[in-house]
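The structure appears right after this line, and notes come after that.
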Amino acid sequence: MADGIIYKALSGFYYVKSVGETVRCTARGRFRLDKNIPLVGDNVRFEYVENGNGFLTEILPRKNSFLRPPLANIDKMVIVASAALPKADPFLVDKMTVIAIGAQCEPVICINKLDLDSADDLYEIYKGIGLTVLRTSAVTGEGISNLVDVIQGSICAFCGNSGVGKSSILNALDPSFHIITGHVSRKLGRGCHTTRHIELFDLSSGAIVADTPGFSAFDTGYVAEKRDIQLLFPEFLNLVGTCRFDDCGHIDEPDCAILDALHRGRLQKTRHDSYKRLYEQAGRYKKWEQKSN
């Protein structure tokens with residue numbers, strides 16, 4: 001019996017890294033019967049069989065897990081955005097910060113393509129609400145060392161629109177990476193998908209990183225109860241509970257502290273717009289509809 005971490009899942013096999021070796025494992029049928037499918041990032045126990053292979057016997061307790069892409073035990077979610085082509089949609093960035101905070105991950109906003117656009121507006125929005133924000137250029141290398149420092153010693157997921165440079169950043173983070181990068185379609189304004197599966201990579205700095213598909217594929221479906229969406233916006237926290245009505249939705253209610261702060265310019269309109277969309281989506285979503293991993 002040995003312990004390890006699932007670094008890759010492909011074609012029904014789980015590649016478990018344990019004490020300097022990688023063991024190709026299969027999963028017993030009981031995991032599916034229990035609706036507890038192993039995920040990349042899972043801490044697991046396994047037994048060796050012949051030819052150096054193994055089979056999983058236990059999935060250890062998870063810190064968190066995601067449905068799409070299937071990942072577990074993520075410490076930091078690096079949300080890669082850009083003001084250059086393809087330009088980031090603030091709602092998608094905000095949705096990812098909410099998903100991260102709700103899953104007890106630290107969101108890290110990485111604004112890439114600094115060599116093409118400094119993205120000052122985008123930088124100020126997220127810096128102003130107290131999130132960790134970095135500006136990088138995978139082309140020139142600017143800001144890459146700062147990113148290495150931020151993620152050192154943690155397990156990280158990289159996510160973002162296709163074409164914003166996730167794979168290029170991973171290649172810049174460590175010379176041992178040889179991840180295929182795609183080009184951005186000028187006609188469509190988005191990148192070609194180059195990541196086909198989820199895989200963890202070790203950095204020489206001690207971080208473990210996961211490359212994932214584009215933004216549209218990173219989704220947990222159910223994010224939070226409608227009343228709890230407000231708690232996933234850090235800039236709202238000091239105002240929650242100070243509105244006239246205890247059940248204030250911060251949409252159009254009178255004497256709303258959050259709307260008052262918005263009108264006074266103390267909150268960003270794009271952030272409140274994202275809050276409204278997520279609040280309305282949560283109202284339509286039924287928690288029991290969430291599919292199990």
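Here L203 contributes atom CG and C156 contributes atom SG; the two are 8.0 Å apart, rounded to the nearest 0.5 Å. The distance from atom OG of S168 to atom CG of N112, rounded to the nearest 0.5 Å, is 7.5 Å. Summarising the geometry, atom OG1 belonging to T57 is positioned 8.5 Å from atom CZ belonging to R28; distances are rounded to the nearest 0.5 Å. Atom CG of residue L232 and atom CG of residue L278 lie 9.0 Å apart, to the nearest 0.5 angstrom. To the nearest 0.5 Å, atom CD1 of residue I258 and atom OG1 of residue T242 are 7.5 Å apart. Here the SG atom belonging to C159 is positioned 8.0 Å from the NZ atom belonging to K166, to the nearest 0.5 angstrom.
Shown here is K63, whose NZ atom has more than 12 heavy atoms of other residues, nucleotides or ligands within 6.0 Å. For CD of Q104, the number of neighbouring non-hydrogen atoms (other residues, nucleotides, ligands) closer than 6.0 Å is 12 at most. Within 6.0 Å of CZ on R30 lie more than 12 heavy atoms contributed by other residues, nucleotides or ligands. Atom CG of D121 is surrounded by 12 or fewer heavy atoms from other residues, nucleotides or ligands within 6.0 Å.
At a threshold of 4.5 Å between side-chain heavy atoms, the hydrophobic network of Ile, Leu, Val, Met, Phe, Trp and Tyr places V98 and L237 in one connected group. Following chains of ILVMFWY side-chain contacts shorter than 4.5 Å, one cannot reach V78 starting from V139, and the two form parts of different hydrophobic clusters. Linking ILVMFWY side-chain heavy atoms closer than 4.5 Å, directly or via other members, places Y123 and F91 in a single hydrophobic cluster. When hydrophobic clusters are built by joining Ile, Leu, Val, Met, Phe, Trp and Tyr residues whose side-chain heavy atoms come closer than 4.5 Å, directly or via intermediates, V240 is grouped together with V223. Under the 4.5 Å side-chain heavy-atom criterion for ILVMFWY residues, no single connected hydrophobic cluster contains both Y126 and L114.
Using modelled atom types and a 3.5 Å distance limit, the side chains of T136 and E142 yield no donor-acceptor pair. Checked by atom type, the side-chain pair S274/D94 shows a donor-acceptor distance below 3.5 Å. Side-chain atoms of D115 and T140 form no donor-acceptor pair, as typed in the model, at a separation below 3.5 Å.
Using a 4.5 Å heavy-atom cutoff, the side chains of R244 and P254 are in contact. Contact of the K226 side chain with the D228 side chain is not registered, since no non-hydrogen atoms from C-beta on lie closer than 4.5 Å. Side-chain contact check for I101 versus P107: some heavy-atom pair is nearer than 4.5 Å. In this structure, T132 and E106 have side chains that are in contact, with non-hydrogen atoms separated by less than 4.5 Å. Contact of the L134 side chain with the I109 side chain is not registered, since no non-hydrogen atoms from C-beta on lie closer than 4.5 Å. Counting only heavy atoms from C-beta outward, the side chains of L173 and I151 approach each other to under 4.5 Å. Looking at V23 and E21, their side chains come closer than 4.5 Å, going by heavy atoms from C-beta outward. A heavy-atom distance below 4.5 Å is not found between the side chains of S18 and D3.
A salt bridge is defined here as a Lys NZ or Arg NE, NH1 or NH2 lying under 4.0 Å from an Asp or Glu carboxylate O, and R277 with D273 fails to meet this definition.
Looking at V40, D202, I198 one by one, the single match for side-chain contact (heavy atoms from CB on, under 4.5 Å) with Y7 turns out to be D202. Checked options R271, Q268, H272; the residue passing with E235 is R271 (criterion: side chain to side chain donor-acceptor pair (under 3.5 Å)). Considering N146, D117, D120 in turn, D120 is the only one that fulfils the side chain to side chain donor-acceptor pair (under 3.5 Å) rule with R135.
With a 4.5 Å cut-off between side-chain heavy atoms of Ile, Leu, Val, Met, Phe, Trp and Tyr, the cluster of F13 takes in L10, Y15.
Between F233 and Y275, the ring planes are perpendicular. Angles over 60° get that label, and only those under 30° would be called parallel.
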